[in-house]
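Here the structure is a predicted model, which means the values were calculated and not measured.
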Amino acid sequence: MSARIGVITFPGTLDDVDAARAVRYAGAEAVSLWHRDTDLQGVDAVVVPGGFSYGDYLRAGAIAAQSPVMRPVIEAAGRGMPVLGICNGFQILCEAGLLPGALVRNGGLRFICRDIRLRVENATTAWTTDFEQGAAITVPLKSGEGRYVADSDTLDRLEGEGRVVFRYADPSLNGALRDIAGVSSADGRVVGLMPHPEHAIDALTGPGTDGLGLFTSVLGRLTAAA
Amino acid sequence: MTAQAAEPALESADTVAHAASTPDREQPYGALGLRDEEYARIREILGRRPTDAELAMYAVMWSEHCSYKSSKVHLRRFGETTTDEMRRHLLAGIGENAGVVDVGDGWAVTFKIESHNHPSYVEPHQGAATGVGGIVRDIMAMGARPVAVMDGLRVGPLDAPDTARVLPGVVSGVGFYGNCLGLPNLGGEVVFDPTYAGNPLVNALCVGVLRVEDLHLAFASGVGNKIVLFGARTGLDGIGGVSVLASETFGDADGSSGPSRKKLPSVQVGDPFAEKVLIECCLELYRAGLVVGIQDLGGAGLSCATSELASAGDGGMEIDLDTVPLRATGMTPAEILSSESQERMCAVVTPENVDAFMAVCERWDVTATVIGEVTDGENLRITAGGEVVVDVPPRTVAHDGPVYSRPLARPDSQDALQAATTADLARPTTPAELAETVVRLAASPPLASRAWVTDQYDRYVRGNTTGATPGDAGVLRLDDAADRGIALAIDCNARFCLLDPREGARLALAEAVRNVAASGARPVAVSDCLNFGSPEDPGVMWQFAEAVEGLATGCVELGIPVTGGNVSFYNQTATTAILPTPVVGVLGLVDDVRRAVRHGFGAPGDAVWLLGE
Amino acid sequence: MARVIVDVLPKAEILDPQGQAVARAMGRLGVTGVADVRQGKHFVLEVDDSVGDAELERIAETLLANPVMEEWVVRRDGGVTQQ
Amino acid sequence: MARVIVDVLPKAEILDPQGQAVARAMGRLGVTGVADVRQGKHFVLEVDDSVGDAELERIAETLLANPVMEEWVVRRDGGVTQQ
Ligand SMILES: Nc1ncnc2c1ncn2[C@@H]1O[C@H](COP(=O)(O)OP(=O)(O)O)[C@@H](O)[C@H]1O
């Protein structure tokens, strides 16, 4: 039986079709979850995809973090279920308190859509085991509120615990503190990142296939656990 | 759903009965953009003076923007020149919200370009944003899922002071709305010229994909069928905007139709989140077969939606304005009918499907309200506060507006323009001069990188973009289960069009066709956005007629039809018109996107071939 | 040095999608009793005492607010100087 | 019904690029004497009299502001209820 990975759709979610496609490309079954759902249909992992949930009018991810479906997600994450937040999904996980820090307006105040290089700083999380430690991967970044911030104690702690998972290899793109592009929970099972690995799974439609590694990593983890 | 009743309509609302008994009341038709003879014609149609609400409807629907009164006689050329052979893949053509092309295997593609020029000068960000929103709703109204956008932008010189306000605002507006809707931006243009300094052009293209059986056309038939208004609430946005903005020079937009209303801002604010939800809601309604007819609410709001639905149907229609969910208090019937609040749609639904329709809207948190029904009468009757405020034959509002054959004349200046040739220009004579010229050209605003613009637009979302920027054309896979795709390009060199509007239009067409073909696609259809100065200027009218002729004959030679488009007149600053700017969009079909040709050189060692002379 | 506050709000007739989104979220959070929300901008300026009220008004009108769509209030130290 | 104002500002230690962009634009406009600008959000809520201060504080903290990066002030009718 193949692993079942949930992909949440909030009103305003945009990259859910892409996230589901990436899950399928990796060999798992994608299960659609709706923002009003109160149970996760027994999925093995969850992807919170990108977009502009509820228009992001208040703060990116703020309103979605309060949605019904986030309650079972938070509970399941507490029990160790892998959760990946991409872009708006990362913002939602931060707003929901599953990941530390916050994401604010880009330093240049403009939306940035560009293929960028990321360094994999921790290849042991649930979503990165298929990468080499320190590998550089190319994936699209597309966000207006992508600048990662947290107070310096938090940043030091994250660095010390190896919870900075991805760093921008080309600095100063959006002003993220310490060039942080993605972080993880203490147990390495919840990961959030601003760039879009689901848009780098096929050279036809993206800059390459580097992004697929996140989805195959979790699959390996799930099948190993089963 | 939450159909919140309107405030009681103003006690003073001008009813049909009142209009009949007060034939001599003075009406401000001039301020609404109607001419004496147009007003007289309305009185003749109705056999009495119009009510305030009727006057507002006729004024907005008979404006240049909605009625095409100056362009109609010329646009007929497209219909006359299109042969059955050219039309063979068309499921819908000119006259519908957007043209629809059968692309095989049960798939169809619909696309259209529209302008939002004047609003983008007044408020660049919101003007451009709502321009994208409007064209996307046009595509939705065909039953399609919008899948991509493009934008053709024209502004003043890069170093003109106002360009620093207009260009960044427009780009952020296009990006904000398109990105938030999840529509990849496949490309576009940024062109600088002094004539656009006080009158920028924002032309937005949207393309949609549908299954042939889901094609929805705007009509209201079937006595007893319900008219459902859904989406955003109706507010005081851009009231009178269409007639004032598109028919006279803007600036004195006295937005009120009621005498006491303070001057209203003529801007509309876009809510892309509401539109995204509306898209998903509409698609679910189509899939469930719950829609008989559908119309987007665009420039002329409910005036346009109700009169167009009714005149395309086979009966009459009754609408009760007291049921329209409002955002402002004390709106008059005329204001409700003219409101340009964004993110609204109007559907015709059979009575037995109303509950299911409402349930889908509820799932998406979309406000939906039955506001009326199709009747066996002939007229569109609209009531407010229990009184009839509109009672008109819908065709007279929507289709039988005035048509003008405006005088046209080749400007005397044309000879001098043509006499000045490149022979008079200095040319580089030494290698060093040549090198310097190449560098200067590469850095010039017309040729410099567009990354500053395109980096603000999402081109990846939905994962089907196989070619965007930089590229000759945008290329999109239709469905990830197959490798069938489409290519799109928009082009216009308006300086050529100034020199010779007929040849210029043909060149714009040829360029867009080449760009599509160079991407490995077979060109199949054309949509155009004709941006010109005042039609009351015979020189501008001549440019317009020539450009239409050039485009029509060019299409015949290439064997592809014009499927729709948009005319934007009155693009001028004082008496100076913009360059004649017929923007041409071409749609091409790609059998296998994996084999589509990419822009730029491939690998070192590849041979470079020059084709043609 | 004085502290000057400028509060900017969308005009009443203008659609406020942000405020509406917040108002709807309240309901989902189980908050009742909030009838309406409008969202605007809040600026805090540290200015020299040399900067007069007319100058502040000009700053608000040309830079902080968009007069086409927004209205604003300028306050010094909690006192309203101009509307 | 009462009117409640919530003003939200980025914390002092958080970089505020929007405020900085405004401050830079001042210079270009020829405005001198403005030493610093911070930009935040301004919410105007119409609330039932039944809604107490603790409830308002909860709304501000869980929804209107993000305590990780922002600070806020809740005022009723011009009176500060809580910081
Ligand atoms: N306003 C715009 N919106 C989106 N893409 C644009 C826009 N302007 C230019 N582009 C894209 O940037 C690239 C370069 O544009 P341009 O310099 O006009 O090239 P070309 O002359 O090849 O059309 C093209 O892919 C074009 O589609």
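Top candidate by heavy-atom pairs under 4.5 Å with chain D, chosen from C:Leu45, C:Asp49, C:Val8, is C:Leu45. Per-residue heavy-atom pair counts under 4.5 Å with chain C were compared for D:Thr62, D:Val47, D:Val44, and the maximum is reached by D:Val44. Note on D:Ile59, D:Thr32, D:Val51, D:Val22: by heavy-atom pairs under 4.5 Å with chain C, the leading option is D:Ile59.
Contact detail for D:Val31 and C:Arg58: the closest heavy-atom pair is CG2-NH2, 3.7 Å.
Contact of D:Met26 with chain C is made through backbone and side chain together, with heavy-atom distances under 4.5 Å. The part of C:Glu55 that comes within reach of chain D is its side chain, from C-beta onward, which places non-hydrogen atoms under 4.5 angstrom from that chain. Heavy-atom distances place both the backbone and the side chain of C:Leu29 under 4.5 Å from chain D.
Side-chain contact between C:Asp7 and D:Asp7 is present, with heavy atoms from C-beta onward closer than 4.5 Å.
Rounding to the nearest 0.5 Å places NE2 of C:His42 at 4.5 Å from CG of D:Leu9.
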